[in-house]
Structure formats: structure tokens, C-alpha cells
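Heads up, the thing below is written out as C-alpha cells.
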Amino acid sequence: MSAERGSDTQDGGRPQVAWRVVVPAALAQAVALTFGSFGYGYHRDELYFRMLPPAWGYLDQPPLTPFFARLTTHLADQPWALRLPATVATALSVVVIALICRELGGGRGAQALAAWGYAFAALPLMLGHVLLTSTVDLLLLALVVLAVLRATGGSPRWWLAAGGIAGVATYNRLLVAVVVAGLVVGIAVLGPRSVFRSPSLWAGGALAVVVGLPNLVYQASHDWPQLSMGAALADNNAGEVRSQLPYLLLVMLGPPLVAVWVTGIVWLLRRERRPRVGYLVVGTGVLIAFTFASGAQPHYPIHLLAVMYAAGCVPVAHWLASRRALRAVAVGLLVVNAAVSCVLALPVVPLASVGGTPLPDVGPLVADQVGWPRYADQVAAAYRGSALHPTEVITSNYGEAGAIARFGPALGLPRPVSGQNSLASVVRPADSSTVVVMVGYQLDEVAGLFASCQVVDRLDNGVDVDNEEQGAPVAVCRDPSEPWAALWPRFHHLD
């Protein structure tokens, strides 16, 4: 991280883009994520995405990320291939965060701090390691902010870019509506209010609606399923999300970077800056408030917290420019934060040893990447070994279903069915099925729908990782009490 050089400017006073420090940060992150793609195994969401059929939308999400997941199977049906879109999206988000820093006046040193600090921060690495809807959002939502910054900074044509990107983002997750609403509220409260008189702003809004219209039509014609999904997530997660949110805000980027993004908030709200870019702080506050109120998922604030970090890099880099010793300390803190983040996010600890460490508890995505081939083997043993000759495998959740869909064909297993989320409407048990293998903890709720259910095994990942499947029952159930057309809605659940 070099000293700031304010004379290197272009585009009406904006600093030059420091490609020589920004691109290496993005590439270094991409290399780390690529090597990390070969550890552990699929995440449960990845297994789910790859088995969803093509559609304009699903009960629990729009179609973009599942489309990327299916697309990669034509290259290779392996985790490393499925994660290529995640790696690309996350690495590009590093560049966009640096460009946001530059848009706010950050020179070479600030852009270096923004790019390298963000690239190897905790949550960007965690989300970039696997293909999730939030992974794609890292790029799309950062691009929306960059376009809005350019538009409010005197380039009205960028409202069209903001609208177009926001429209595309609706195909990934409707969280973009909250982000845009927060930015608009911020502009209305703090300024620059003059942009509301710009025809380009309204044209950009119209473009967002047009681009996102098929997705919105799907939602409207299916009774807004994402609202139902959000309510279900809140029912399951709200208490935990609300209690953990203050702590998570401190660790999403890593504790060493907290001082930078807090500085960014204060710096953006300074009197000389507030009427031009203070709306970014309001937008961040709206997103945090939405996360707390909805209680759906705790990581939503990362998308604008990263913007606060980019803003903070401008004054922090300027302050460090003349303090060589403190610059060395800052670099050291970045290295420590990167090292800890890599251990938390990437498969640095061998699979055989990870169960004996705190990582499955501290790294929220680790446990969901463990055990899927072994679980499929156990289900196959129960399926083949039953004297009742079952014809169906029913799973309690989409992770179990995804594992059987991926590994089951080689083991002689039929296509799995599950009542969770969108899978409930994809396929249900055949009317002729009288004996099924039931996998997972939903057995406790549905055992009474059969004449008998016998537990024949318990799922065990073999590495002592306490994930959602560990210890779950595998049972053979026979003689359903009603036809499947009547029973199947009772298996359906959102979470």
C-alpha cells in the first residue's frame, strides 16, 4: 500500500484507476478461490441449484444463480466447475469496490487498501468460495452503487446503467429493491435532491422495471412466493439474526477493518460531503434496519458495508501516507485479517481434521460442505438392503435431495423427492409407491402417515462435523395412509 498521490487525476478531477494494484488483488483472490474450490465438497445450496429445472423463477428465489449452476454441469459436474461463476463474480466485485473508492476520491493508496482489504476479508471470501445467490449479489449490488455514484456525481446517463443493472439483479434476488430504496431515501433526505429532476433518473427507473418485468410477472402470478419465503425464513431465523447482527457487523469484513468502515461512515457524513454522498450511509442504515426487521438472513448488510469500507479507505490512506511506521502496521493487520479469513472461508484445514476444530461453528458455510457422498452411500445401502423393495427416496431437505440427485444414479438410487421449498412442486412420489426410504428429521412429523416406519440407519459424515444431517434417521416406511396426491402437501415446508 503506497502513499497517496493526489496529482494522478483524470475525468474532471477523479484519481486515475490504479489498475496495477487493483487487478493483482482481484487475481490473487481468484487464485485463492480456485484452489479452495477443490476442498471439502458441494455446499447444500449448490446441490439444490444444480437439480432445479429451468424456469423463470422458483418458490424461494429468482432463476439466475440456479441457471449458472446448471450451466457449469456442461463443463464438468464437479464443485470446482460449479464455483467458476462464484470466483468470477467475487473477483470482479473486488475491482468494483476499488472503483467505488476511486469515485469517492481515493487515489492509488486508497484503491490498494480497498482492493486488497476487501478481497481477503472474511465474508467476501466465504461467499466467493461457494456459489450462492449472495455471491452473485456481491457483484451486481456493488455495480448498482457504482452507477448511482457516477450518476449523482454529474453523469446523468449512468442512471440508465443503474436501472439496467438493478433490473438484471432482480433475477438473482429481490434484495436489490431494498438497496435501491435505501439509496433513494438517502438522496431524498440528504441530497443531492436535484437528481429527481433529471429525466435520466426516471428513464433508469423505467428501464429497471422493463428489464425485471418477466421476473416480477412471475412473482405476481405466483402470489409473490419470495414474500412467503422471507416470512418462513424469519420464523426460523429471526431471533438468531437479531441477536447476532451487532456481532456480525463487526466480523463480516474482519475486526481489523472495522475502524476503516466506521471511518467511512463518519467521513461521508462530514458537512462538505454529506449533500453529495451522504446518501450512501442512509442506504446502509436502511439495509441494516431491513435485515433486523425481516430477520431472514444475517449477511445482507455486507453489500453496503463494503461500500462504507471503500469510503473509509480514502481518509485512512491519506492519513497513512505520511506515517510510514503506521503504514507497516496497517499492512500487517491486513495480512493477519487475510490469513484468518482464509482459514475460516477456505478448506485450509484437512477434511479429516476439521471436525475437531471450531471451524464448523465459526465458519457458517463449512459444515454444509461435508458428508454428502457418504450420506448418499448410506441411503443407497438402506434402499438396496430392504426386503420390502422400496421404490422412492423422500428427503427432508434440499441438501439431502441434491446429494442423492448428484451421487445416487451411480449407486442405483431413483430420483429423490422432497417437500422442501421449490422441490415440492417439481415431482412427488408415484401413486403406485407403497414403500419408501425416508431420509432426515422430517420423519418425526410424517411417520404417522404410514402403517409403519422402521429406522435402519443414522446419517454419519465420518468426520464428526455436526451439520444439519449428522445423526438424522434413514427409515423404510410402508403403506401410506392416503393416496400421494392427498398426502404430499403435508410434506411441503418452507425454510
Side-chain angles (χ1 to χ4, degrees), residues 14-15 17 22 25-26 89-90 92-106 110-119 121-124 127-128 134-153 158 161-162 165-166 169 173 175-187 189-192 248-250 252-254 257-270 273-274 276-291 299-317:
R14 274 189 297 269
V17 181
V22 171
T90 310
L92 289 176
S93 76
V94 173
V95 177
V96 177
I97 290 298
L99 292 176
I100 289 172
C101 176
R102 177 248 187 176
E103 198 65 30
L104 292 169
Q111 293 175 48
L113 178 59
W116 284 96
Y118 171 82
L123 202 52
L127 296 178
S134 290
T135 312
V136 180
D137 272 346
L138 287 176
L139 174 61
L140 293 178
L141 298 184
L143 282 171
V144 169
V145 173
L146 177 61
V148 171
L149 266 174
R150 293 301 305 266
T152 58
W158 279 86
I165 298 165
R173 189 161 52 185
L175 185 66
V176 65
V178 179
V179 172
V180 171
L183 297 177
V184 171
V185 168
I187 293 172
V189 172
L190 298 181
L248 291 173
L249 290 174
L250 299 178
M252 283 183 184
L253 292 173
L257 303 188
V258 171
V260 181
W261 64 256
V262 170
T263 298
I265 292 174
V266 175
W267 183 76
L268 288 169
L269 292 177
R270 292 284 296 270
R273 222 165 274 109
R274 187 168 58 234
R276 294 184 292 106
V277 290
Y279 66 86
L280 295 172
V281 178
V282 177
T284 302
V286 168
L287 184 56
I288 292 173
F290 170 81
T291 303
H299 58 268
Y300 291 164
I302 185 61
H303 301 294
L304 291 184
L305 205 65
V307 176
M308 297 301 98
Y309 172 72
C313 289
V314 181
V316 168

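- Between the side chains of Tyr279 and Thr152, at least one donor-acceptor pair of N or O atoms lies under 3.5 Å.
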Q) Step by step, would you call Leu304 with Leu280 a side chain to side chain contact (heavy atoms under 4.5 Å, CB included)? A) CA-CA 8 Å; Leu304 291 184; Leu280 295 172; over 6 Å; no
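- Here CE of Met308 is found 12.5 Å from CG of Leu249. Values are rounded to the nearest 0.5 Å.
- Of all heavy-atom pairs spanning Ala115 and Val22, the tightest one is CB-CA, 4.1 Å.
- Arg270 CZ: 12 or fewer foreign heavy atoms inside a 6.0 Å radius.
- For the atom pair Leu149 CG and Arg276 CZ, the distance stands at 10.5 Å (nearest 0.5 Å).
- Between Thr90 and Leu139 the shortest side-chain heavy-atom distance does not fall below 4.5 Å.
- Contact check for Pro124 versus Leu253: side-chain heavy atoms found under the 4.5 Å cut-off.
- Of all heavy-atom pairs between Gly312 and Pro315, the closest is O-CD, 3.2 Å.
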Could you give me the CA-CA distance, side-chain angles and deciding distance for Leu175 and Leu287, then say whether side chain to side chain contact (heavy atoms under 4.5 Å, CB included) is met? CA-CA 9 Å; Leu175 185 66; Leu287 184 56; 4.0 Å; yes
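- Going from atom CG of Leu99 over to atom CG of Leu92 covers 10.5 Å, rounded to the nearest 0.5 Å.
- Leu104 contributes atom CG, which lies 10.0 Å from atom SG of Cys313 (distance to the nearest 0.5 angstrom).
- The CG atom of Leu123 sits 5.0 Å away from the CD1 atom of Ile302 when rounded to the nearest 0.5 Å.
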Exercise. Please lay out, stage by stage, how Leu138 and Tyr118 fare under the test side chain to side chain contact (heavy atoms under 4.5 Å, CB included).
Key: CA-CA 11 Å; Leu138 287 176; Tyr118 171 82; 3.7 Å; yes
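- Judged by distance alone, the side chain of Glu103 and the main-chain N or O of Leu146 form no donor-acceptor pair under 3.5 Å.
- The heavy-atom pair separating Ala114 from Ala98 by the smallest distance is CB-CA, 4.4 Å.
- Ile97 and Ala142 make their closest contact through CD1-CB, 4.4 Å (heavy atoms, listed as atom of the first residue, atom of the second, distance).
- Closest approach of Val314 and Ala110 over heavy atoms only: CA-CB, 3.9 Å.
- Between the OG atom in Ser93 and the CG atom in Leu141 there is a gap of 10.5 Å [rounded to 0.5 Å].
- A donor-acceptor pair under 3.5 Å links the side-chain atoms of Arg273 to the main chain of Trp267, judged by distance alone.
- Nearest heavy-atom pair across Thr135 and Ala89 is O-CB, 4.1 Å.
- Between Tyr309 and Leu257, some side-chain heavy-atom pair lies under the 4.5 Å cut-off.
- Counting heavy atoms from C-beta outward, Gln111 and Trp116 have side chains that stay 4.5 Å or more apart.
- With a 4.5 Å cut-off on side-chain heavy atoms, Leu269 and Leu190 count as touching.
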**Request:** Report the C-alpha separation of Val96 and Val145 in whole Å, then their side-chain angles, then the decisive distance to 0.1 Å, and conclude whether the side chain to side chain contact (heavy atoms under 4.5 Å, CB included) test is met.
**Result:** CA-CA 9 Å; Val96 177; Val145 173; over 6 Å; no
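- Side-chain atoms of Thr284 do not come within 3.5 Å of backbone N or O of Leu305 as any donor-acceptor pair.
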